[in-house]
Amino acid sequence: MIEKKFGYGIIGCGTISKWHAEAAAATGKYDLIAVTDVRKESAERFAEQFHCMAVDSTEELLKRDDIEIISICTPSGFHATDAIKVANAGKHIIIEKPMAITYEQIDDILKACKDHNVKMQVISQMRFKENVLKAKEAIDSGKLGKLVIGDVSMKYFRSQEYYDAGGWRGTWKLDGGGALMNQGIHGIDTLQYLMGPVKSVFAHAKTLARNIEVEDTAVAVVEFANGAIGTITGTTSVYPGIPRKFEIYGTKGSITLVEDTITLWDIEGETEKIKEGDQERKLDSASNPTNFGIEGHIMQLDDMAEALIHNRDPKVNQYEGKKPIE
Ligand SMILES: NC(=O)c1ccc[n+]([C@@H]2O[C@H](COP(=O)([O-])OP(=O)(O)OC[C@H]3O[C@@H](n4cnc5c(N)ncnc54)[C@H](O)[C@@H]3O)[C@@H](O)[C@H]2O)c1
C-alpha cells in the first residue's frame, strides 16, 4: 500500500531548516513542494539542494493548494506572526522551539489553531529520545519513590560571533531571551516533562560575558507541583561548554542523564545498575550549536504525519509547547 504523502513547505531557510527537510524526507511521508525566505538567495540555494521550488513570499507559499503542512524555521520572534498566517490559511504547522516568546503571542497562536482547526507540532526533540522516555516511565511508575530533587545544568559556550551572525540572536525582540529561552528551552522542557508541572520559580539572570541584550547566564530554583524542588542552570558563556545534565533524585532511586545517555540508574530493588563514569561522550551541542543528530526531528515529523492520518493531536501540540515558556 502506498502511504499518503503530505504536501510540505518551509518558511525560513537558515540553519535548522535542513533538519526539517531531511527529517521529512526520512519519514517518507512528506513531499517538499516549496520553500521561502526573506533572503531570496537562501531560498533558492535551499530549493536547489532539496529539489523543490523557491517562492518569493510566505503569502505565495500559503496560496498553494498542494501544501498541507508547513515548518516554521524563522527567528523565534517571528514564530507567532508566521504561525497565525499559516493557521489562517488552514495549513498544519510544525514550529521550531520556542513556539513563541510572549504569553500574548502564545494565546494568539492557540486561538488561531483552534479557530482554523489546524494541528501544531512544536519541536522539542529531547522528549522523543529513548532514554528520556525510559526515565519518564520509571518516574511516572513511582519507582523512584517520592521525588525530591530535579536539576538540569546547561553550561554552554556560544561565541560573540555566533550571536553577531544571525543579527536576531541575543535580542529581546527576536530571540525573546538568551541562555534559557533559546539554548536552555530543551532542557527546561525535558525537566518539566520528567518532573511534572512547576509551581513556582525564583531566578537570577545576568549578562556576564557576551555583548547581547538578553541573559547569557541564569540560575533558577524551581518548586514542582509534586513538592520536589530543583535547579535550572543555564549559560552560554563558559569555555569549553559542558554537555547538558539532568539529575532526578527520589527516595527510592536516582537517574541522571548526560544529554540522552543514562549516566546513573540506581533504583532500590533493581539489580541492573548504571554507574557514573562508564559512558562514552556522544554528540552534544554544548559548544557547537549544530552538533546534534536528526533522529528527534525525524520522530517529530513522523508523529505529525501520523497525527494527521489518524486525526489525533501530535505529541508536542501547542499546549505542550507552551509549558517550557511558562
Ligand atoms: N530544535 C533545535 O534544536 C533548534 C536548533 C537551532 C535553532 N532552532 C530554532 O530555529 C529557529 C531558526 O533558527 P536558525 O538557527 O535556523 O536561524 P538562522 O538565522 O540560521 O535562520 C533563520 C532564517 O529565516 C530567514 N528569515 C528571517 N525572517 C524571515 C521571515 N520573516 N520570513 C521568512 N524567512 C525569514 C532568515 O533569512 C534565515 O535564513 C529559531 O527559532 C531557533 O530557536 C531550533
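Positions are given from 1, in the same order as the sequence printed here. No hydrogens, no waters, no symmetry mates; every other heavy atom, side chains included, goes into these values. Both counts, for ligands and for their atoms, begin at 1 and track the order of listing.
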Please determine whether the number of non-hydrogen atoms from other residues, nucleotides or ligands lying under 6.0 Å from atom [atom1] of [X] exceeds 12.
X: Arg312; atom1: CZ; answer: yes
X: Glu22; atom1: CD; answer: yes
X: Glu41; atom1: CD; answer: yes
X: Asp66; atom1: CG; answer: yes
X: Lys85; atom1: NZ; answer: yes

Winner among [options] once heavy atoms are compared against [atom]:
atom: atom 22 (C) of ligand 1; options: Gly12, Ser42, Cys73; result: Cys73
atom: atom 25 (C) of ligand 1; options: Asp37, Ile16, Ile11; result: Asp37
atom: atom 43 (O) of ligand 1; options: Glu96, Gln300, Met126, Lys97; result: Lys97

Under-4.0 Å heavy-atom contact with ligand 1, by part of Ile123 that carries it: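 Contact part for Ile123 vs ligand 1: side chain (C-beta onward).
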
Looking at [X], which atoms of ligand 1 are within less than 4.0 Å of one of its heavy atoms?
X: Phe292; result: 3 (O), 5 (C)
X: Arg39; result: 37 (O)
X: Cys13; result: 39 (O)
X: His297; result: 1 (N)
X: His79; result: 41 (O)
X: His186; result: 1 (N), 2 (C), 3 (O)
X: Pro75; result: 22 (C), 24 (O), 26 (N), 27 (C), 28 (N)

Closest approach of any protein heavy atom to [atom], naming residue and atom:
atom: atom 29 (C) of ligand 1; value: Val38 CG2, 3.6 Å
atom: atom 11 (C) of ligand 1; value: Thr74 O, 3.3 Å
atom: atom 21 (O) of ligand 1; value: Gly14 CA, 3.2 Å

Nearest atoms (heavy-atom pairs only) where Thr190 meets His186: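 Closest pair (atom of Thr190, atom of His186, distance): OG1-O, 2.7 Å.
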
Contact summary for Ser159 and Arg210, nearest pair of heavy atoms: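 Between these two residues, the closest heavy atoms are C-NE, 3.8 Å.
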
Heavy-atom side-chain contact between Arg127 and Glu320 under 4.5 Å: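 Yes. Closest side-chain heavy atoms under 4.5 Å.
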
Ile248 vs Met195 side-chain heavy atoms within contact, under 4.5 Å: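 Yes, side chains in contact.
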
Nitrogen or oxygen atoms of Arg169 and ligand 1 under 3.5 Å apart: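 There is such a contact, yes.
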
Backbone or side-chain N or O of Ser76 under 3.5 Å from ligand 1 N or O: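 Yes, Ser76 has an N/O under 3.5 Å of an N/O on ligand 1.
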
Asp189 and Lys323: CA distance, side-chain angles, deciding distance, salt bridge (Lys or Arg N to Asp or Glu O under 4.0 Å) verdict: CA-CA 7 Å; Asp189 185 47; Lys323 289 181 178 173; over 6 Å; no

Test item, Trp168 contacting ligand 1 (heavy atom, 4.0 angstrom):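 The answer is yes, since Trp168 has a heavy atom less than 4.0 Å from ligand 1.
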
Intermediate values then yes/no, side chain to side chain donor-acceptor pair (under 3.5 Å), Glu215 and His204: CA-CA 10 Å; Glu215 84 284 356; His204 237 323; over 6 Å; no

